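Every value quoted in this text rests on a predicted model; they were computed, and no experiment measured them. Counting convention: from 1, in listed order, for ligands and their atoms alike.
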Amino acid sequence: MFITLEGSEGSGKTTSMNYIESWFNDNGVTPIVTREPGGTPLAEEIRETLLATRDEKMAPDTELLLMYASRVQHCQSLIIPKLNEGHVVISDRFNDASFAYQGTGRGLSVERLTELDQWCLGDFKPDLTLFLDISVELGLSRASRRSAPDRFEQEAISFFEKIRQGYLDRAAAEPERIKIIDASGSIEEVQQNIAFVLEKHCSSVIK
Ligand code: TMP
């Protein structure tokens, strides 16, 4: 089973990722936990290129192609082999992020993005996606800045509004796969919501 977690700034994605991993451990399954962009040594090099700030502006198509270069590497050398071995794989972000960030956020055509997605992944997609939803205002006020903001974190509020809308539209189009988790409550409330979704959709893979 391939599960992905998506969320905006300040949605508590890292805490939730840890919770999902421990939920599986508590249910007798040790999942493979990974992330995008990144997840393999080469894909992590691409991540560094993507997140670095520099004077030269990165063209939106360059950004998209690098995201998919990282994703193909990640799928071919880690995700698909691990799924074939029977593991549960959980990725912190996957292709829905490209539709939200590069599609709705940067304004790239969804048709072209869909073609690229098909070219790179075929029909491969997550079995279950959890989208941690929080208002941009609350999310940004919660976001802890432990280090200097990366290239994405430096964007204007309007960019994050578009991304949130992009995720919500995608969830509305694929309600069976993408589950919206209200991330505005306390950690306990968010974890209860996550557990509810996992219990409902992952019962066949736990022990
Ligand atoms: P992270 O902060 O969740 O580790 O992700 C790094 C940044 O990359 C984050 O700002 C979201 C962005 N991103 C995209 O723009 N498109 C993508 O396809 C992915 C996977 C991430």
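By the criterion of side-chain heavy atoms lying less than 4.5 angstrom apart, applied directly or through intervening Ile, Leu, Val, Met, Phe, Trp or Tyr residues, Trp23 is not grouped with Ile32; the two fall into different hydrophobic clusters.
Checked for salt-bridge contact, Glu174 and Lys125 meet the test: a charged N lies under 4.0 Å from a carboxylate O. Ion pair Glu44/Arg35 flagged as a salt bridge, since at least one NZ, NE, NH1 or NH2 atom sits closer than 4.0 Å to an Asp/Glu carboxylate oxygen.
When Phe160, Tyr101, Phe159, Tyr68 are ranked by how near their heavy atoms come to atom 11 (C) of ligand 1, first place goes to Tyr101. Of the candidates Arg93, Arg47, Met67, it is Arg47 that places a heavy atom closest to atom 4 (O) of ligand 1. The nearest non-hydrogen atom to atom 18 (O) of ligand 1, considering only Ser11, Pro149, Ser98, Ser8, comes from Ser98.
Of all the heavy atoms of Pro37, the ones lying under 4.0 Å from any atom of ligand 1 are found in both the backbone and the side chain. By the criterion of a heavy-atom distance under 4.0 Å, the side chain of Lys13, and not its backbone, is placed next to ligand 1.
When only non-hydrogen protein atoms are considered, atom 6 (C) of ligand 1 lies nearest to Leu51 CD2, 3.9 Å. Looking only at heavy atoms of the protein, atom 16 (N) of ligand 1 is closest to Gln102 OE1, 2.8 Å. Ranking protein heavy atoms by distance to atom 20 (C) of ligand 1, first place goes to Arg71 NH2, 3.5 Å. Counting only heavy atoms of the protein, atom 10 (O) of ligand 1 lies nearest to Phe152 CB, 3.2 Å.
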Start with the C-alpha gap between Ser11 and Arg142, add the side-chain angles, then the distance that decides, and say whether side chain to side chain donor-acceptor pair (under 3.5 Å) holds. CA-CA 8 Å; Ser11 62; Arg142 280 189 184 176; over 6 Å; no
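The side-chain hydrogen bond (donor to acceptor under 3.5 Å, both in side chains) test with Tyr101 is passed by exactly one of Lys162, Arg106, Arg93: Arg93.
Residue contact check: Ala97 has heavy atoms under 4.0 Å from atoms 16 (N), 17 (C), 18 (O), 19 (C), 20 (C) of ligand 1. Counting atoms of ligand 1 from 1 in the listed order, those under 4.0 Å from a heavy atom of Glu36 are 20 (C).
Checked by distance only, ligand 1 and Glu63 stay at 3.5 Å or farther apart across all their nitrogen or oxygen atoms.
Checking Asn95 against Tyr68 by side-chain atom types alone, no donor-acceptor pair falls below 3.5 Å.
Aromatic pair Phe94/Phe2: ring centres closer than 6.0 Å.
With contacts defined as side-chain heavy-atom distances shorter than 4.5 Å, the pair Ile3/Leu130 qualifies.
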